Amino acid sequence: MPKYDPKKIEKKWQKFWEENGTFEVKEDKKKKKFYSLIEFPYPSGEGLHVGHPRAYTAMDIISRKRRMEGYNVLYPIGFDAFGLPTENFAIKTGKPPAEVTKKNISNFTRQLKSLGLSFDWSRQVDTTDPKYYKWTQWIFLQLFKHGLAYKKAMPINWCPSCKIGLANEEVVDGKCERCGTPVERRNKEQWMLAITKYADKLLEGLKEVDYIERAKVQQENWIGRSEGAMIKFVIANEVKQSQTKKGIATSPSAPRNDSVLEVFTTRPDTLFGATYMVVAPEHELVASLLKFPISNFQFPNIDEVKKYVESAKKKSDLERTELQKEKTGVELKGIKAINPATGKEIPVWVADYVLAGYGTGAIMAVPAHDERDSEFAKKFNLPIKEIVPEPMEKIMKWLEEKKIGEKKVQYKLRDWVFSRQRYWGEPIPLVFCPACEKQAEFPISNFQFPNDGERLNPGWIPLAEEDLPLELPKVKKYEPTDTGESPLAAMEKWVKTKCPKCGGPARRETDTMPNWAGSSWYFLRYCDPKNDKKLASMEKLKYWLCPPKPAKPGEGGVDWYNGGMEHTVLHLLYSRFWNQFLFDIGAVPTREPYKKRTSHGMILAKGGEKMSKSKGNVVNPDEMVEKFGADSLRTYIMFMGPFDQAVEWDTNGLIGVRRFLERVWGLNVIASEAKQSQTKKGIATSPSAPRNDSMTQLLHQTIKKVTEDIEAMRFNTAIAKMMELSNEFSKQAKISIANFELFVKILSPFAPHMCEELWSLLGHKKSITFEPWPKYDPELAKEKEITLAVQVNGKLRDTLEVVAGISEEEAKSRALASEKIQRWLEGKQPKKVIYVKGKLVSIVV
RNA sequence: GCCGAAGUGGCGGAAUUGGCAGACGCGCACGACUCAAAAUCGUGUUCCUUCGGGAGUGAGGGUUCGAUUCCCUCCUUCGGCACCA
């Protein structure tokens, strides 16, 4: 028996798998399918982090088990390669991002292959490959044509360090999620995706999927649905009249409804208690009053209001929340609102505790029933009116009858800022045509726009689908400009183009898409990665995503998707949005992209800190594979602790796991010798397990535990049980081959290289990959002899070895007969004797 | 502030329809092998102890024959949200 030499074994089997295409799959209707998915990595220059193998090994173990259970398993891999780090590296070094990406991908590939992950490499995708992003652009065009993409000038979150606009989801505590720089507000024209139109569907869909509970809650909170009412408040007459006198109607930018202030409330039943109103500093009412000031008598504190609004605008989101303790505000003197319920005039204030971006940017304040309003009212001595809230139904009926208000559902979710002013992303396949814009302004009477995108965005014309992909041109400089334009804008040659519609001179959009674009649909491409007619064929999508007989239309999705918690509101939500949209236009067969979603915890450096290059505490997987072998690394990472919790790295633990594998390897000597001697004696040519010894019993208990624990992702306890078994095995002089083979099979998803080698040493010619997963014998897995605990007054005083089926009477009498127990009873009569089947006898004195 | 999860030996962690706390691994100690060391193997390892036992799962209380597990109050840590009307 040779020494355990992981370096040799692991290379050998990795080569074997690759040469035999062991993990490459084809659609096969005769077999049940299983689609397992990990979040494809961003190929950074630093290479693989030990966090990657944690998620990948977990799904690898599940995938390998499924293959042994007879499933046709799709376990694909790819690279999410657009993004800032590569671009920044290009800026620093002048190397083209495409080149850098290629190099990084090849390094990642080498590293991933060295871990023995059972990916189907033939289906590999790369989001920066024009053959891939052709379809990312195609999806964008569909969104555009269906009116879900629109360009809008709006204040965006601007990161002055990355020089990039950020989606709301990318701003954490008022800072850039990526670099931590406080974000500023900038007014920019941006492409937006109307994810809010899918708010209800996204919420509804959560009911049907099996996601880790935390992920569901986070998505629900992010979507933030609340039911309530829109209520109209009339602004008191004298103001309206005086404004009209000033001739506001002739001014195009004057507010249309200057006589009405509309609010959203979840508590219309407290309308009677509304004693004042508050508008956000950005509210159009304030802007219009400042633009068209009325006479000093009616609006005496114009300067004060101006000053307040100015200072509020200067504050970033970060400052606003930091200064949340004290509420500030200024009354808009000279105007009054009328509470439609009481008919009374109430004051209107401007204050930044009311957010411009939510609801209508204005509220009715009910200090008696709202903490914030109460705080504000107390500070500024505003009236507080106690009321008895009306029944919700009654008040809604009344509001609707009087045409004061109507039911309304409100969301926190905002539309998705989809433009990035960067080079290394998918070009947006639209051009701006001034001639077409003019036509759109004066469409003839029964003119119909070819699509909603052109109607909503006059002058913006989509490229023809046949002309995709619109490839990213090579540029000389990758720096974004301070004005916030993408480096593409400097390429006049590329920017100047012909309008695909009228043939006239037009200019290309120079913004690119955010990273989230390519990763929103990659799991679809894996089903049919080389298709150049469609993003993937419907037939293949159906095979991999739909259950054999869907109970409902649109049922299905990736069977099991594991990824990080940090992606629940970004990637997961965006991806669900795109998939739901693609389902609605008939491009994909399932409503939801993922049936089941689980999450892994982070791997921290020793001491509990995050691993980071600057702290120098990063563990390099290459080094661990080199020193201990991939099988040890895999098994250790799964053994570290509960899969969904953060764990600290400890190389000593890895040594312990290596010892375990060495011990298992050593067992084979005994087993193979046993085989020889058995075969010589002609006892067992076909190995069959002895049915009743205690080893077989422990083995079946282990099979049961490993089978169940893998499904529940309790990898740590599955490994612990296998360690226990191997400890017992090593105490035996002989192990039956049948038993040893069962053990090798259940260990193989964790340590696949070593188990392949053992399997072939046992004389098998085929890979262990498709060997049937062992079934445990429930009878054998049960304990035959059990230990009963005997307690006196709740304290353990003795234990009894008894047969499993012992009767209550016998257990009690044996417990009472025990010498130790008699001593504790001191001759007293027990008050009560309790028997818990198979567990204990409790005696109360 | 609100919501959620968690707190167990020297360390990572097991054990939950309430039933022998500390599985498994690390570390440590002792022993075997060795001239010696490493590796390996074996034994032990919650704490206290007068060796009878006693205490013990963040703290305090409660329910129970019996609580790491259930209930109440509090403390600490981590994660999420943070004026969302």
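Heavy atoms only: backbone and side chains are in, while hydrogens, waters and symmetry mates are out. Below, chain A is the first sequence line, B the second, and so on; all start at residue 1. Just so it is clear, the structure is predicted and the values come from calculations on it, not from any experiment.
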field: Atom-to-atom span, CG of A:Asp352 to C1' of B:C83 - whole angstrom
entry: 9 Å
message: With a 6.0 Å cut-off (strictly less than), is the heavy-atom count around NZ of A:Lys704, excluding the residue itself, greater than 12?
response: no
message: For the C1' atoms, the ones on B:G19 and on B:A38, what distance do you get once it is rounded to whole angstrom?
response: 47 Å
- prompt: Is A:Lys610 reaching over with its side chain to a backbone N or O of A:Met602, donor-acceptor style, under 3.5 angstrom?
  reply: no
- prompt: In whole angstrom, what separates A:Lys216's NZ from B:G80's C1'?
  reply: 18 Å
Nearest atoms (heavy-atom pairs only) where A:Val647 meets A:Met640: CG2-CE, 3.9 Å
query: Which letter, B, S or -, goes with each nucleotide of nucleotides 11-23 of chain B from 5' to 3', with contact meaning a protein heavy atom under 4.0 Å?
result: -BSS----BB--B
query: Taking the same atom, C1', in B:A59 and in B:U8, what whole-Å distance lies between them?
result: 15 Å
- prompt: Any side chain to side chain donor-acceptor pair (under 3.5 Å) pairs touching residues 787-805 of chain A, not counting sequence neighbours?
  reply: A:Thr787-A:Glu801, A:Asp798-A:Ser818
- request: Could you pull out all residues at least two apart from A:Lys832 that satisfy salt bridge (charged side-chain N to carboxylate O under 4.0 Å, His left out)?
  value: none
Bracket notation of RNA chain B in which parentheses pair within the strand, [ ] cross earlier pairs, and | pairs with another strand (Watson-Crick or G-U, under 3.5 Å): (((((((..(((......[....)))((((((.......))))))(((....)))..(((((..]....))))))))))))....
- prompt: Rounded to whole angstroms, how far apart are CZ on A:Arg658 and P on B:C24?
  reply: 22 Å
- request: Could you measure between the two C1' atoms, the one in B:G9 and the one in B:A55, and give it in whole Å?
  value: 14 Å
- prompt: Among all residues two or more places apart in sequence or in another chain, which pass the side-chain contact (heavy atoms from CB on, under 4.5 Å) test with A:Ala377?
  reply: A:Tyr276, A:Pro367, A:Leu382, A:Ile384
statement: In whole angstroms, the gap separating P of B:A5 from CD1 of A:Ile212 amounts to 12 Å
task: Please answer whether the main-chain N or O of A:Glu262 pairs with a side-chain N or O of A:Thr360 as donor and acceptor at a distance below 3.5 Å.
output: yes
query: What form does the base of B:G52 take, syn (within 90° of 0) or anti?
result: syn
message: Are A:Asp373 and A:Ile363 packed together at the side-chain level, in the sense that at least one heavy-atom pair is separated by less than 4.5 angstrom?
response: yes
query: For atom P, what is the distance between B:G61 and B:G66, given to the nearest Å?
result: 16 Å
Could you run down the sub-3.5 Å N/O contacts of the protein with nucleotides 54-56 of chain B?
residue: B:G54; atom: OP1; partner: A:Arg797; partner atom: NH2; Å: 3.4
residue: B:G54; atom: OP2; partner: A:Arg797; partner atom: NH1; Å: 3.2

message: Tell me whether the side-chain N/O atoms of A:Asn727 come closer than 4.0 Å to OP1 or OP2 in B:G25.
response: yes
Value in whole Å for how far the P atom of B:A85 lies from NZ of A:Lys408: 13 Å
message: Could you tell me how far B:G4 sits from B:U73 if I compare only their P atoms? Round to whole Å.
response: 13 Å
- line: note: A:Glu371, atom CD; B:C83, atom P; distance rounded to Å ~ 14 Å
message: A:Thr717: which residues meet the side-chain contact (heavy atoms from CB on, under 4.5 Å) condition with it, sequence neighbours left out?
response: A:Lys705, A:Asp709, A:Arg714
statement: For A:Ser632, the side-chain contact (heavy atoms from CB on, under 4.5 Å) test, sequence neighbours excluded, returns A:Phe628, A:Leu654, A:Arg658, A:Leu661
- line: Taken to the nearest whole Å, CZ/A:Phe376 to C1'/B:A85 is 14 Å
message: Would you measure the distance from the P atom in B:G10 across to the matching atom in B:U17 and give it in whole Å?
response: 28 Å
task: Tell me, please, which residues at least two apart from A:Glu371 pass salt bridge (charged side-chain N to carboxylate O under 4.0 Å, His left out).
output: none
Partner set under salt bridge (charged side-chain N to carboxylate O under 4.0 Å, His left out) for A:Lys379, not counting sequence neighbours: A:Glu326
task: Between B:C81, B:A85, B:C65, spot the one nearest the side chain of A:Lys832, thanks.
output: B:C65
message: Please check if the number of heavy atoms outside A:Lys232 that lie under 6.0 Å from its NZ is greater than 12.
response: no
message: Could you tell me how far apart A:Met602 (CE) and B:C78 (C1') are, to the nearest whole angstrom?
response: 10 Å
message: Main chain of A:Thr328, side chain of A:Tyr308: is a donor-acceptor contact present, judged purely on distance under 3.5 Å?
response: yes
message: Using the side-chain heavy atoms of A:Met723, tell me which of these nucleotides is nearest: B:C26, B:A85, B:G25.
response: B:G25
task: Report the residues that fulfil side-chain contact (heavy atoms from CB on, under 4.5 Å) with A:Glu728, sequence neighbours left out, ordered by chain and then residue number.
output: A:Met695, A:Leu698, A:Lys731
- prompt: Hey, is the side chain of A:Lys831 pairing donor to acceptor with the base of B:C65 inside 3.5 Å?
  reply: no
task: Tell me which of A:Phe660 and A:Gly361 sits closer to the 5' end of RNA chain B, going by the nucleotide each one is nearest to.
output: A:Phe660
Residue of the set A:Leu747, A:Ile746, A:Ile61 for which side-chain contact (heavy atoms from CB on, under 4.5 Å) holds with A:Val706: A:Ile746
List every contact pair, protein side and nucleotides 39-45 of chain B side both N or O, where the distance is under 3.5 Å.
residue: B:U40; atom: OP1; partner: A:Arg659; partner atom: NE; Å: 3.2

field: Nearest-nucleotide 5' precedence on RNA chain B, A:Thr265 against A:Asn652
entry: A:Asn652
N-glycosidic conformation, B:G66 - syn within 90 degrees of 0, else anti: anti
message: Distance check, C1' atoms only: B:G42 and B:A6, in whole angstrom units.
response: 38 Å
Span that lies between the P atom of B:G62 and that of B:A14, in whole angstrom: 31 Å
